[in-house]
Amino acid sequence: MQETGEDHDDGTVARVAAIDIAKASGMVCLRVPHDTIEGRRVQQVWNVSSTTNSILELGDRLVCQGVQRVVMEATGSYWRPFFYLLENRGLECWLVNARDVKNVPGRPKTDKLDAVWLAKLAERGMVRASFVPPKPVRQLRDLTRTRTVFVQERTRHKHRVDKALQDAQIKLSDVVSDLFGVSGRSMLDALVAGERNPRTLADLAKGSLVKKTQPLTEALTGQFEDHHAHLLRILLGTVDHLTAQLGELDRLITQTLGEITGPHDDAPAAITSGTDTTPGHTAADVAERLDNIPGVGATTAHIILAEIGLDMSRFPTPEHLVSWAKLCPRTIQSGAKNTAGPAGQGNPWLKGALGEAATAAARTDTFLGARYRRIVKRRGHAKAIVAVARSILVITWHLINDPDTHYQELGPDWHQRHLNPTRKTRDLVRQLQALGHQVTLEPAA
């Protein structure tokens with residue numbers, strides 16, 4: 001134990017603990033006021049194993065010391081045992097971004113010094129807590145993220161199926177848009193079963209593919225051998241297994257959504273037009289309302305709820321949520337110069353889902369589609385997609401924050417209907433003058 005005589009700034013946390021977390025252990029730094037000498041701090045540093053019993057003993061010790069806040073750096077997934085167990089012990093736990101607590105360059109770097117530095121930052125209020133959702137939302141997040149990984153893995157195996165067919169000179173994907181549709185899957189199963197006659201395989205076509213018998217026969221003529229059949233059997237089995245697992249995950253996600261409730265569930269029932277209607281605010285109800293947003297389907301709604309939860313008190317305004325998701329440019333100001341920096345990485349699971357939703361919404365004849373088409377002309381595709389994703393997230397904030405709110409489509413002509421005629425006229429005149437024309441305006445009769 002060592003004592004330091006530095007001053008304790010006003011507004012800081014008096015009793016704080018910081019943990020520098022590794023895979024199998026954590027370096028703990030405890031800083032509390034001295035018992036008798038005012039303004040003096042007592043500092044203790046020790047190593048703790050990351051086992052459950054050791055962390056529980058650490059929690060008891062910190063509670064006995066009257067610790068007000070426990071701060072830890074986000075290190076992979078190794079922070080989870082410390083955070084969850086200490087949180088259950090009743091301690092206020094903060095997870096902080098490693099970028100925000102980086103030590104001063106040039107100083108020695110050890111686990112002990114990192115823990116001391118983190119504790120000093122925490123006691124002076126120089127760190128910000130990262131968003132860690134409550135346990136039910138974390139469980140939903142585990143399910144949705146696993147589902148996303150399985151979908152990606154299934155897609156990779158489907159691509160491997162096409163590669164195996166190409167190796168056997170089978171050009172089925174040139175004729176069939178979906179190898180795993182009804183017709184395509186029937187032909188694949190027949191190939192695995194030993195059928196090699198191209199005409200017989202082409203006769204398995206269904207629907208619109210019946211008219212493409214000749215192209216199918218040519219595409220199915222190749223050098224498909226037993227080696228390819230064995231490989232194809234393994235790949236198709238993996239695809240079927242992943243599909244079954246995705247069905248089970250969908251069931252668990254639906255079940256979990258029905259169990260998660262929001263902060264508005266205790267609100268009294270709303271009365272409209274003489275009819276009592278209780279606004280549901282379970283995650284399933286919110287997901288159903290999010291499904292009305294153009295481009296947002298059920299799966300995307302589940303991912304959004306799993307990543308941001310139902311309690312919008314963490315994000316007081318839509319701008320806070322957009323900034324946290326890194327869907328707005330970073331402001332850089334120096335002197336009289338203001339520039340926009342890169343938005344940052346953000347939550348890849350949330351941004352990926354919003355990007356897919358924005359891409360789908362851009363193809364629709366809706367307000368969001370019109371917004372994309374307005375921006376893409378002058379800013380390009382990438383920035384237009386980010387702008388639409390931001391709009392979707394703002395709409396999501398309002399739908400989650402107010403259980404009585406429902407999405408209302410503004411229409412693709414909203415900007416035209418709310419256009420300022422004077423400003424539009426001035427802009428068009430300036431464009432014509434820039435092209436060398438002299439413009440004279442006369443009011444229409």
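Every heavy atom of this structure was used, including side-chain atoms; hydrogens, water molecules and symmetry mates were not.
Counting only heavy atoms from C-beta outward, the side chains of Gln169 and Leu165 never approach each other to under 4.5 Å. For the pair Leu327 and Val386, the minimum side-chain heavy-atom distance is below 4.5 Å. Considering only heavy atoms from C-beta on, Leu350 stays 4.5 Å or farther from Ile303 through its side chain. Contact check for Thr52 versus Leu85: side-chain heavy atoms found under the 4.5 Å cut-off. Looking at Val45 and Leu30, their side chains never come closer than 4.5 Å, going by heavy atoms from C-beta outward.
Listed by first and then second residue, the salt bridge (Lys or Arg N to Asp or Glu O under 4.0 Å) pairs involving residues 154-175 are Glu153-Arg156 (not counting sequence neighbours). Residues in residues 175-186 take part in these salt bridge (Lys or Arg N to Asp or Glu O under 4.0 Å) pairs, two or more places apart or across chains: Arg185-Asp189, Arg185-Asp240. Sorted by first then second residue, the side-chain hydrogen bond (donor to acceptor under 3.5 Å, both in side chains) pairs that include residues 294-318, not counting sequence neighbours, are Arg141-Glu307, Arg145-Glu307, Glu307-Asn347, Asp311-Ser313, Thr317-Glu319, Thr317-His320. Within the structure, salt bridge (Lys or Arg N to Asp or Glu O under 4.0 Å) pairs that include any residue of residues 88-98 comprise Asp60-Arg89, Arg69-Glu92 (at least two apart or interchain). For residues 373-383, every residue pair satisfying the side-chain hydrogen bond (donor to acceptor under 3.5 Å, both in side chains) rule, not counting sequence neighbours, is listed here: Tyr372-His381. Residue pairs satisfying the ring pair (Phe, Tyr, Trp, His ring centres under 6.0 Å) criterion with at least one member in residues 186-217, sequence neighbours excluded, are absent.
Taking both residues in full, the closest heavy atoms of Asp111 and Met27 are given as O-CG, 3.7 Å, listed atom of the first, atom of the second, then distance. The minimum heavy-atom distance between Ala17 and Val67, with the atom names listed, is N-CG1, 3.9 Å. Considering all non-hydrogen atoms of both residues, Ile260 and Pro136 come closest at CD1-O, 3.6 Å. The minimum heavy-atom distance linking Leu118 with Glu73 is given by the pair CD2-N, 4.0 Å. Contact record, Pro294 with Ile392: O-CD1, 4.3 Å, taken as the closest heavy-atom pair. Of all heavy-atom pairs between Pro108 and Leu113, the closest is O-CD1, 3.3 Å.
The backbone N or O of Leu95 lies less than 3.5 Å from a partner atom in the side chain of Ser130, making a donor-acceptor pair. Without hydrogens or angle criteria, Ser54 side chain to Ser50 main chain gives no donor-acceptor distance under 3.5 Å. A distance-only check finds a donor-acceptor pair linking the side chain of Ser391 to the backbone of Ala387 [under 3.5 Å]. Here the side chain of Thr405 pairs no donor or acceptor atom with the backbone of Asn401 at under 3.5 angstrom. One N or O on the side chain of Arg289 and one on the backbone of Leu399 form a donor-acceptor pair closer than 3.5 Å. A distance-only check finds no donor-acceptor pair linking the side chain of Thr75 to the backbone of Tyr78 [under 3.5 Å]. Side-chain atoms of Ser25 do not come within 3.5 Å of backbone N or O of Ser49 as any donor-acceptor pair.
Between the side chains of Arg61 and Gln44, at least one donor-acceptor pair of N or O atoms lies under 3.5 Å. Side-chain contact, Ser186 with Ser183: no donor N or O sits under 3.5 Å from an acceptor N or O.
To the nearest 0.5 Å, the span separating NE2 on His415 from CG on Leu410 amounts to 8.5 Å. How far CG of Leu252 is from CG of Asp142: 11.5 Å, rounded to the nearest 0.5 Å. With values rounded to the nearest 0.5 angstrom, Gln166 atom CD is found 12.0 Å from His159 atom NE2. Atom CG in Asp20 sits 5.0 Å away from atom CG in Asp114 (nearest 0.5 Å). In this structure, OG1 on Thr396 lies 4.0 Å from CD1 on Ile293, to the nearest 0.5 angstrom.
The one candidate from Thr221, Val210, Leu172 that meets the side-chain contact (heavy atoms from CB on, under 4.5 Å) condition with Leu216 is Leu172.
Glu225 pairs by the side chain to side chain contact (heavy atoms under 4.5 Å, CB included) definition with His228, not counting sequence neighbours. For the ring-ring contact (aromatic ring centres under 6.0 Å, His included) test, residues two or more places apart in sequence or in another chain that qualify with Phe83 are Trp79. Residues passing the side chain to side chain contact (heavy atoms under 4.5 Å, CB included) test with Val394, sequence neighbours excluded: Pro318, Val322, Arg390, His398. Contacts of Gln223 classified as side chain to side chain contact (heavy atoms under 4.5 Å, CB included), with partners at least two apart in sequence or in another chain: none. The side-chain hydrogen bond (donor to acceptor under 3.5 Å, both in side chains) test applied to Tyr84 returns Arg80, Arg138, not counting sequence neighbours.
Close placement of the Phe315 and Trp324 rings is indicated, their centers lying within 6.0 Å of each other.
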For this session: Show the numbers, then the answer: is there a side chain to side chain contact (heavy atoms under 4.5 Å, CB included) between Val96 and Met72?
Result: CA-CA 6 Å; Val96 297; Met72 60 195 73; over 6 Å; no
For this session: Could you walk me through whether Trp349 and Val149 pass side chain to side chain contact (heavy atoms under 4.5 Å, CB included), step by step?
Result: CA-CA 10 Å; Trp349 309 93; Val149 172; 3.8 Å; yes
Exercise. Can Val137 and Leu310 be said to form a side chain to side chain contact (heavy atoms under 4.5 Å, CB included), step by step?
Worked result: CA-CA 8 Å; Val137 179; Leu310 293 181; 6.0 Å; no
Exercise. After noting the C-alpha distance and the side-chain angles of Val161 and Phe180, does the key distance pass the side chain to side chain contact (heavy atoms under 4.5 Å, CB included) rule?
Worked result: CA-CA 10 Å; Val161 169; Phe180 288 82; 3.8 Å; yes
Please set out all donor-acceptor pairs under 3.5 angstrom arising from side-chain atoms of residues 196-207, sequence neighbours excluded.
from   : atom 1 : to     : atom 2 : distance (Å)
Arg196 : NE     : Phe224 : O      : 3.3
Arg196 : NH1    : Leu191 : O      : 2.7
Asn197 : OD1    : Arg199 : N      : 2.9

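Taking the centre and axis of the six-membered ring of Trp414, the NZ or CZ atom of Arg371 falls outside the cone set by 45° and 6.0 Å.
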